[in-house]
Number of protein chains: 2
Amino acid sequence: MSSTSAVQTFADDIDARPIAASYSDSVEQPLHCQQAGKVSCGNCRLSKICLPLELQAPDIDRLNAIIQRGRPLQKGEFVYRAGQPFASVYAVRSGTLKAFSIGENGEEQVTGFYLPGEIFGLDGLCKSSYASSAVALETAAICEIPFERLSELSALIPSLQRTFFQVMSKEIADDQQLLMMLSKNTAEQRVAALLLSISTRNARRRLSSTSFRLPMSRTEIGNYLGLTVETVSRVFSRFQKSKVIAAEQRNVELLQPDRLRQVASGG
Amino acid sequence: MSSTSAVQTFADDIDARPIAASYSDSVEQPLHCQQAGKVSCGNCRLSKICLPLELQAPDIDRLNAIIQRGRPLQKGEFVYRAGQPFASVYAVRSGTLKAFSIGENGEEQVTGFYLPGEIFGLDGLCKSSYASSAVALETAAICEIPFERLSELSALIPSLQRTFFQVMSKEIADDQQLLMMLSKNTAEQRVAALLLSISTRNARRRLSSTSFRLPMSRTEIGNYLGLTVETVSRVFSRFQKSKVIAAEQRNVELLQPDRLRQVASGG
DNA sequence: CCACATCGTTGATCTGGATCAATGCATTGA
DNA sequence: TCAATGCATTGATCCAGATCAACGATGTGG
């Protein structure tokens, strides 16, 4: 999973432009990159988010060499499905994905949303098959990092190994954070926390932290937060009535972010 | 955390005797070990649980060499506190520990219980300080594994690196499992799941899977499951009334484990 | 342009678990 | 031995959010 504050790691490019433009549904050219040519870790705007380590140029190249970049995913396309053999972890380059698993009763449970610069697929490692499925919520570009290769490289580059341990540890800490939220917080606190989480993650990518488009439906939000659609909708309405946010469909503006923080932490 | 199915990893010894004896509160001599002398990974009954990998003897010795074993912890003693600099991960040799963090509102949230053969302290890595505190619920013996040393060793022994990645991945998968449970399940399902989890983890250690002593209080169970003490108590009562379990204080007997499984999965 | 499907909102009612309150039952320690 | 203290059980009441139901908005494809 990855919740209030998301995992941040390997990835490569795109997506660092004013909010209005980011509503676009297609993968755009990395106009802002030094060379508007080939995508690589070396020239990726997200690399500071994605790689919280200081690698030397040759090491970056070695990492870059093992990363595979396919064609963009269409909305609804799967990256992997639960049960498939585990082979790679993934970094989001643009777009948004969700991970979810199916409970014994057949119910879907959303376990995380992944924004550009974030890593997913980490849960597959322990059983050598993915525990959840990952699907694109909108057109998305991702970097595939074959795990075996990453493992080998990690053994050679200590700081990479350490970084990867940190990435996994962060996922654990985030899950525990979310856990705490689901078991103790009210509907308003949960929704506030999610909005703030998206806000923070946008800020990291130099996007507006107060005005953005939610990449997921109300139903998906509810599922993720352990609430029904109706409750989510009502909370949105209440937040609007009290002028804490403005929202029209999936577009949201945080009018009083600090008030929202107050709500999130039980004010 | 570590929930329905717990993280299982490095550790070293003790605790593999009939249930009655396991009620004891003190660290016993490893009578059952080949040599009843020094504790080491090589002669530890838990090693198969704790190290899900096939290491060669010399590698086991190298791992064993970096592991530190101090005096047993008394009930209530802390292993580490939230915020302390991260230095080591730990394996449980005997006894039980709980991990918990304190929310913004000051509320305690139990994030996991750790039984012999299980690893904890993984959440500290990403921020280089522990995100939660760990405390002994009863007299307990643990193995301290300095992370820096483990890291170095991992780079030299590929299967160790892989194992450690797996351990972390398992923690992630378990958290997501728990997450699912907390956001979708009823009180009865949660309590049933916890009982079954303890049962399974006991079975792994060759202890009775149907009759055991819970190492934690009702309050702690409730906190962990996102319920109040009263609700936990009522669920226990209902389970007893329907002859699914028998319980007197912390001693529990699963009379109809399959019925319990049915309940846990929403029957 | 309209038909159909999906998504979101709003209202009315119901309920599982929280909360408040009281009592029982062990363990500790002077 | 008898407080005192902490843990567990049980009952009565309350409420946040689920559930059921109806309807409005969006958008997608023919």
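Below, read A as the first sequence line, B as the second, and so on, with proteins coming before strands; counting in each chain starts at 1. Computed over heavy atoms, backbone and side chain alike; hydrogens, waters and symmetry mates excluded.
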If only side-chain N and O atoms of B:Thr228 are considered, is one of them under 4.0 Å from the OP1 or OP2 phosphate oxygen of C:dA18? yes
Under-4.0 Å salt bridge between A:Lys98 and A:Glu220: yes
Minimum heavy-atom separation for A:Asn185 to A:Ala264, with atom names? ND2-O, 4.1 Å
Regarding A:Arg81 and the six-membered ring of A:Tyr130, is the cationic atom NZ or CZ under 6.0 Å from the ring centre and inside 45° of its axis? no
Ignoring the backbone of A:Arg218, work out which of C:dT9, D:dG17, C:dG17 is nearest its side chain. C:dT9
A:Glu138 CD to C:dC7 P, straight-line distance once rounded to whole Å: 15 Å
Roughly, in whole Å, what's the span from CG in B:Asn251 to C1' in C:dA26? 13 Å
Check the phosphate of D:dA18 against A:Thr231, side-chain N and O only, distance under 4.0 Å to OP1 or OP2. Yes or no? yes
What I want to check is whether an N or O donor and acceptor connect the side chain of A:Arg238 with the base of C:dT9 at under 3.5 Å. no
Look at the side chain of B:Glu230 against the base of C:dC20 and say whether a donor-acceptor pair falls under 3.5 Å; ignore hydrogens and angles. yes
Per the atom types in the model, does the base of C:dC25 pair as donor or acceptor with the side chain of B:Glu248 at under 3.5 Å? no
Identify whether any heavy atom of A:Gly226 sits under 4.0 Å from a base atom; if not, whether one sits that close to sugar-phosphate; answer base, sugar-phosphate or nothing. sugar-phosphate
Rounded interatomic separation in angstrom, taking CZ from A:Arg250 and P from D:dG27: 10 Å
Touch check for A:Ser217, heavy atoms < 4.0 angstrom, all strands: base, sugar-phosphate only, or nothing? sugar-phosphate
For D:dC7, does either OP1 or OP2 sit under 4.0 Å from a side-chain N or O belonging to B:Gln249? no
I need the single residue from B:Lys184, B:Gln176, B:Gln177 that forms a side-chain contact (heavy atoms from CB on, under 4.5 Å) with A:Gln109. Which is it? B:Lys184
Using only side-chain N and O atoms of A:Arg234, determine if any of them is under 4.0 Å from OP1 or OP2 of C:dT9. no
Length of the CG-P vector between B:Leu182 and C:dG16, whole Å: 19 Å
Any side-chain N or O of A:Ser237 under 4.0 Å from OP1/OP2 of C:dT10? yes
Specify the separation, in whole Å, of atom NZ of B:Lys184 and atom P of D:dA18. 10 Å
What is the distance from CZ of B:Arg213 to P of D:dA8, rounded to the nearest Å? 10 Å
Would B:Glu253 and B:Arg213 count as a salt bridge (charged side-chain N to carboxylate O under 4.0 Å, His left out) if you check the C-alpha gap in whole Å, the side-chain angles of each, and the deciding distance to 0.1 Å? CA-CA 9 Å; B:Glu253 190 166 356; B:Arg213 179 180 173 77; over 6 Å; no
Between atom CZ in A:Phe236 and atom C1' in C:dT10, what is the gap in whole Å? 16 Å
Rounded interatomic separation in angstrom, taking NZ from B:Lys75 and P from D:dG6: 12 Å
